[in-house]
Amino acid sequence: MTRWVLHVDLDQFLAAVEVLRHPELAGLAVVVGGDGDPTKRGVVSTASYEARALGVGSGTPLRTAAKRIPDAVFLPVDRPHYEAASATVMAALHEVTDEVEELGWDEAFLGIDDPPDDDPEAVARDVQRRVLAASGLHCSVGIGRNRLQAKIATDYGKPAGVFRLTAATWFDLLGDLPPSALWGIGGKTSTKLAELGIATVRDLAGADVEALSARFGPTTGPWLQRIGAGRDSAAVRESPRERRSLGREVTYQQDLHDWDDVRAQVVELATRVAGEVAESGRDAVRVVLKVRFVPFTTRTSSRVLPEPTTSATAIEQAALEAFARFEPRAVRLVGVRAELSR
DNA sequence: TCTGGGGTCCTAGGACCC
DNA sequence: TCTGGGGTCCTAGGACCC
């Protein structure tokens, strides 16, 4: 039996969906983010390839994007519309196999056993045709023997391509790259690894697991070495998985200077979250309050609920108890998150 | 550059108990 | 009067991802 994992990633998803319904935007620098007003606080969710070529990508502050590309088309994030497009795509993927693990709106892993002629590329191209036919959207497909290989392969297939990455080519392709080239390693971990003399993926694969464990802990240490070597579980976890938490947060356009205003926002968010907890049919077991002070210092405070509950009163009270631990200061963001019972 | 909103998982320290 | 080892829970925060 031969086992393959395919990683399907829609190309410039939000921008592509917008171009589909506004064909006149094709070929333009399209920037989707916030409420579409680039003078407000917010960041870019997705930029079209044309915008990326001009220095604007996901995470770029909208105000920066507007300075870099004054004549870009700025559009608001339209969640319901993207969710519908995503559902169409995921349905197309489920026609290929039941083994589908969704990763947000625009990505999924597919588990494929024994493809015809042991030709996973043919399956990948079939996936691309089906997605395009169903949704009008192009995607790239990475092929690997596990999720990690497939996920990284996709980048080499973009846009609209197919790319295979296995143990045979892992070090040829990635060996000399910094560890941050790997899925799960960001800038912070990369810096810590450099302090241990680990500068490349090859170094990481050959690193001493004991040393990694001493620095990163008993779970993360060995995991880092494994992903350096390109090893990962081939299991595709069926989605949707049981959600662990549910929250709402808001960055205010103007900083809140009045502590009573902040308190009122805590209550409002807690009420909203409580409503959604009740709707979810699950119980909350803990409430986490998040406050981002001016200029950008973030603090959290949490309370275990006396018992698992959907009670808005209990959730609000826990949020306020957490709130009472903070000293009054100017605030730019308030968030409330409920952790759900297992 | 002046930094969203939705999440997940892991670590570490202190409290507390046996 | 100076002190163990293990286990679990709670809390805060870090890091990462889409």
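Each chain gets a letter, A, B and so on, in the order the sequences are listed, and its residues count up from 1.
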From the candidates B/dT11, C/dT11, C/dC17, the one with an atom nearest any side-chain atom of A/Ser302 is C/dT11
With sugar-phosphate meaning primed atoms plus P, OP1 and OP2, does A/Gly187 contact a base, only sugar-phosphate, or nothing at under 4.0 Å between heavy atoms?
sugar-phosphate
(Q) Strictly below 4.0 Å: does A/Arg41 bring a side-chain N or O up to OP1 or OP2 of B/dT3? (A) yes
With the side chain defined as heavy atoms from C-beta on, A/Pro218 is closest, among C/dA12, B/dG6, B/dT11, to B/dT11
(message) Categorize A/Leu10 for me: base, sugar-phosphate, or nothing, with a 4.0 angstrom heavy-atom threshold over every strand shown.
(response) nothing
Winner on side-chain proximity to A/Lys192, out of B/dT11, C/dG14, C/dT11, is C/dG14
Of the candidates B/dT1, B/dG6, C/dG13, the side chain of A/Arg79 sits closest to B/dG6
Regarding the side chain of A/Lys188, the nearest nucleotide among C/dG13, C/dC16, B/dT11 is C/dC16
How far, in whole Å, is B/dC2 from C/dC18 if one measures between their P atoms? 25 Å
A/Ile227 atom CD1 is separated from B/dC10 atom C1', nearest whole Å, by 14 Å
With a 4.0 Å limit, can you tell me whether A/Thr300 has a side-chain N or O closer than that to the phosphate oxygens OP1/OP2 of C/dT11?
no
Taken to the nearest whole Å, NZ/A/Lys290 to C1'/B/dT8 is 13 Å
Practice task
Before accepting this row, confirm whether a basic side-chain N of the pair A/Arg202/A/Asp176 lies closer than 4.0 Å to the acidic partner's carboxylate O.
Solution key: yes
Whole-Å distance, A/Asp35 CG to B/dG5 P, equals 11 Å
From the list A/Arg292, A/Arg41, A/Arg332, salt bridge (charged side-chain N to carboxylate O under 4.0 Å, His left out) partner of A/Asp255 resolves to A/Arg41
Requested in this report: Answer yes or no: are there more than 12 heavy-atom neighbours, outside A/Asp98 itself, under 6.0 Å from its atom CG?
Outcome: no
Margin query: Within the 4.0 Å heavy-atom criterion, would you say A/Ser301 contacts the bases, only the backbone, or no part of the nucleic acid?
Written below: sugar-phosphate
| query | Which part of the nucleic acid, if any, lies within reach of A/Gly247 when heavy atoms closer than 4.0 Å are counted: base, sugar-phosphate only, or nothing? | reply | sugar-phosphate
From the candidates B/dT8, B/dT3, C/dC10, the one with an atom nearest any side-chain atom of A/Phe296 is B/dT3
Here the distance between atom P of B/dG4 and atom CZ of A/Arg248, to the nearest Å, is 17 Å
Exercise. Determine if A/Trp105 stacks with C/dC18; use a centre-to-centre distance below 5.5 Å and an interplanar angle below 30° as the criteria.
Key: no
- Message: Less than 4.5 Å apart, side chain to side chain, heavy atoms only: is that true for A/Phe216 and A/Leu193?
- Response: yes
Looking only at C/dT11, B/dG5, B/dT11, the nucleotide nearest the A/Glu249 side chain is B/dG5
Taking Watson-Crick and G-U wobble contacts under 3.5 angstrom, with | marking pairs to another strand and [ ] crossing pairs, the secondary structure of DNA chain B is written ....||||||||||||||
- Message: Using a 4.0 Å heavy-atom cut-off, does A/Arg332 contact any base of the nucleic acid, only the sugar-phosphate backbone, or nothing at all?
- Response: base
Original post:
How would you label the contact of A/Arg286 with the nucleic acid (heavy atoms, under 4.0 Å): base, sugar-phosphate, or nothing?
Top reply: base
Practice problem: Determine whether more than 12 heavy atoms belonging to other residues, nucleotides or ligands lie under 6.0 Å from atom CG of A/Asp117. | Solution: no
Should A/Leu148 and A/Ile112 be regarded as members of a common hydrophobic cluster, given that ILVMFWY residues are connected when their side-chain heavy atoms come within less than 4.5 Å of each other, either directly or indirectly? no
Among B/dT11, B/dC2, B/dG4, the one nearest any side-chain atom of A/Thr220 is B/dT11
With the side chain defined as heavy atoms from C-beta on, A/Pro61 is closest, among B/dG6, B/dG4, B/dT3, to B/dT3
- B/dG4 OP1/OP2 closer than 4.0 Å to side-chain N/O of A/Ser45: no
Regarding the side chain of A/Arg241, the nearest nucleotide among C/dC10, B/dT8, B/dG4 is B/dT8
Evaluation steps, side chain to side chain donor-acceptor pair (under 3.5 Å), between A/Thr154 and A/Asp9 = CA-CA 7 Å; A/Thr154 306; A/Asp9 193 330; 5.7 Å; no
Rounded to whole Å, CZ of A/Arg303 lies from C1' of C/dC9 at a distance of 14 Å
* To do: Verify the contact: side-chain N or O of A/Trp183 to OP1 or OP2 of C/dC18, cut-off strictly under 4.0 Å; return yes or no.
  => yes
Quiz item: Would you call the rings of A/Phe109 and A/His7 parallel, tilted or perpendicular, where under 30° means parallel and over 60° means perpendicular?
Solution: tilted
When all nucleic acid strands are considered with a 4.0 Å heavy-atom cut-off, which category describes A/Val250: base, sugar-phosphate, or nothing? sugar-phosphate
Assign A/Leu333 to base, sugar-phosphate, or nothing according to its heavy-atom contacts below 4.0 angstrom with the strands shown.
sugar-phosphate
Query raised in the report: With sugar-phosphate meaning primed atoms plus P, OP1 and OP2, does A/Gly186 contact a base, only sugar-phosphate, or nothing at under 4.0 Å between heavy atoms?
Result: sugar-phosphate
Quick one: does any side-chain atom of A/Glu50 pair with a main-chain N or O of A/Val30 as donor and acceptor, under 3.5 Å? no
Identify whether any heavy atom of A/Val304 sits under 4.0 Å from a base atom; if not, whether one sits that close to sugar-phosphate; answer base, sugar-phosphate or nothing. sugar-phosphate
A/Arg299 CZ to C/dG14 P, in whole Å, measures 7 Å
Atom NE2 of A/His7 and atom P of C/dC17 are separated, to the nearest Å, by 12 Å
Ranking A/Gly59 and A/Arg337 by the position along DNA chain B of their nearest nucleotide, the one closer to 5' is A/Gly59
* **Whether A/Ser213 side chain and A/Val209 backbone form a donor-acceptor pair below 3.5 Å** => yes
- Message: Are A/Leu132 and A/Val141 linked, directly or through intermediate hydrophobic residues, by side-chain heavy-atom contacts shorter than 4.5 Å (ILVMFWY only)?
- Response: no
So, with a heavy-atom separation below 4.0 Å from DNA chain B, the residues of residues 147-160 of chain A are none
All heavy atoms of A/Ala29 vs all of A/Ile69, minimum pair found to be CB-CG2, 4.1 Å
Atom CD of A/Glu107 and atom C1' of B/dG6 are separated, to the nearest Å, by 15 Å
In terms of hydrophobic clustering (I, L, V, M, F, W, Y; side-chain heavy atoms under 4.5 Å; direct or indirect links), are A/Val273 and A/Val262 co-clustered?
yes
On DNA chain B, more 5' by nearest nucleotide between A/Ser245 and A/Gly42 is A/Gly42
*Would you indicate, yes or no, if B/dT3 has its OP1 or OP2 atom less than 4.0 angstrom from a side-chain nitrogen or oxygen of A/Thr64?*
no
Margin query: Roughly how many Å apart are B/dG14 and C/dG4, using the P atom of each and rounding to a whole number?
Written below: 16 Å
